[in-house]
Every structure is written in C-alpha cells, then in structure tokens.
Amino acid sequence: MYVVKSPLPDDDLKTVSEALQGALVDLVDLSLVAKQIHWNVVGPRFRSVHLQLDEVVDTARLHSDTVAERASTLGVSPDGRAGTVASTSGIGKVAEGWVKDTDAVGTLVDALGAVITRMRERVNSTGDADPVSQDIFIQITADLEKHHWMFQAENG
Ligand SMILES: [Fe+2]
C-alpha cells in the first residue's frame, strides 16, 4: 500500500530504503545498548561513564527518528519493531549483569565501531541514488565518530 508518493525512481528507492532501514535498526539498538550499560556500569569511573552513555543515547534516539522519518518521507514504511531490531542490528549482543567501567567503555567502542562501519557503507551506497539521504548518513557518521573518539580516549 503506497500512501506517500516517492520522489525517487524504484531502483534508487530500493537502495535508499534499505540503507535507511539498516540505519534505523542500528541506531535503535545502539540506544538500547547504551542504556543497558548506563544502568549496569560499576567501578571507579562509574559517574563519568554513566553520564557519557546518556549522550550516546540522545544521539542514537535523535538520529533513529531522523532516518525513520526520512523513510516515511520517501514513501517507505520504517520498521522499528523490537523483533526486527533484534534480528537485523549490526551490534553484537551485550552480556547480562553488571559491567566493569573499562569493559563498559570497550563495549561502546565496539558497538560504535560496528555502527560506524555500516553507516559509512550507507554514505557510499546512497550518493548517486539520493544525496539528500546521503547527507543525513554523513551527519550521523560524524556524530557517531565523535562519540567513538571519546570512548577510545577513555580507555587510552
Ligand atoms: Fe539515567
């Protein structure tokens, strides 16, 4: 069922919609992982890591909304359901229970690295099909890479 008419031809729309859907699940999962660690971190650096994690949550939530609404704008239904996120996210599973502060930082370095790799692939794959969506992926990548830098510096 098409409610919103897309400005893009079908081939380009397929490329862009797959990229937007992939970004949506990665960002929703990143927000969940960051909250899980925010609640479970322990250790002498608890407070700084705990607060830093909520900055990642804010970024992930903001941009998950941006990519979902870009999909809607292009006439493609975004799928942010829990089952879809769990089965298609690019982030590995987080272990249950308390997390030492150094491990918490390492978990975020890995999670952000995985999402950034996939986001850069989306930058490359969408430039011809839709530079407007590509611009969104570029902005998201810049914000994620800044967080990635700061978590790497935490364990430096
Ligand atoms: Fe909190």
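Side chains are part of it too, since the values below use all heavy atoms of this structure and drop only hydrogens, waters and symmetry mates. Keep in mind that what you see is a predicted model, and the values were worked out from it rather than measured. For reference, positions follow the sequence shown, starting with 1.
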Here's a test for you: under side-chain contact (heavy atoms from CB on, under 4.5 Å), which of Ile91, Leu24, Val28 qualifies with Val85?
Val28
State, with a plain yes or no, whether a side-chain heavy atom of Leu108 is found less than 4.5 Å away from one of Ile37.
yes
Side-chain heavy-atom pair Leu8, Leu74 within 4.5 angstrom cut-off
yes
Might you point out which heavy atoms bring Ala23 and Phe137 nearest each other, and give the distance in Å?
CB-CE2, 3.7 Å
With heavy-atom distances below 4.5 Å as the criterion, would you say the side chains of Leu144 and His148 are in contact?
no
Are any of the side-chain heavy atoms of Leu53 and Phe151 separated by less than 4.5 Å?
yes
May I ask you to check whether Arg61 and Ser31 show a side-chain donor-acceptor distance below 3.5 Å?
no
Scan Leu20, Asp26, Val25 and name whichever one has a side-chain contact (heavy atoms from CB on, under 4.5 Å) with Val67.
Leu20
Would you call Glu55 and Lys146 a salt bridge, using N to O less than 4.0 angstrom?
no
Derivation and outcome, side chain to side chain donor-acceptor pair (under 3.5 Å), residues Asp79 and Thr84
CA-CA 7 Å; Asp79 185 354; Thr84 304; 2.8 Å; yes
Could you pull out the closest heavy-atom pair between Ala68 and Pro78, with the gap in Å?
O-CG, 3.5 Å
Within residues 85-112 or reaching into it, pairs that qualify as side-chain hydrogen bond (donor to acceptor under 3.5 Å, both in side chains) - sequence neighbours excluded
Asp29-Ser89
Which atom of Ser6 lies closest to which atom of Leu13, heavy atoms considered
OG-CD1, 3.5 Å
Within-4.5 Å side-chain heavy-atom neighbours: Lys35 and His38:
yes
Flag the pair Val76 / Gln21 as yes when at least one side-chain heavy-atom distance between them is below 4.5 Å, and no otherwise.
no
Smallest heavy-atom separation, Ser133 atom then Val16 atom, equals OG-CG1, 3.4 Å
Nearest 0.5 angstrom please: Ser17 OG to Arg70 CZ, how far?
12.0 Å
Could you tell me which non-hydrogen atom of Ala104 sits nearest to which non-hydrogen atom of Val41, and how far apart they are?
CB-CG2, 3.8 Å
If you define the side chain from C-beta out and look only at heavy atoms, does anything of Met119 sit under 4.5 Å from Leu27?
yes
Does a sphere of radius 6.0 Å around CZ in Arg45 hold more than 12 heavy atoms from other residues, nucleotides or ligands, not counting ones at 6.0 Å or beyond?
yes
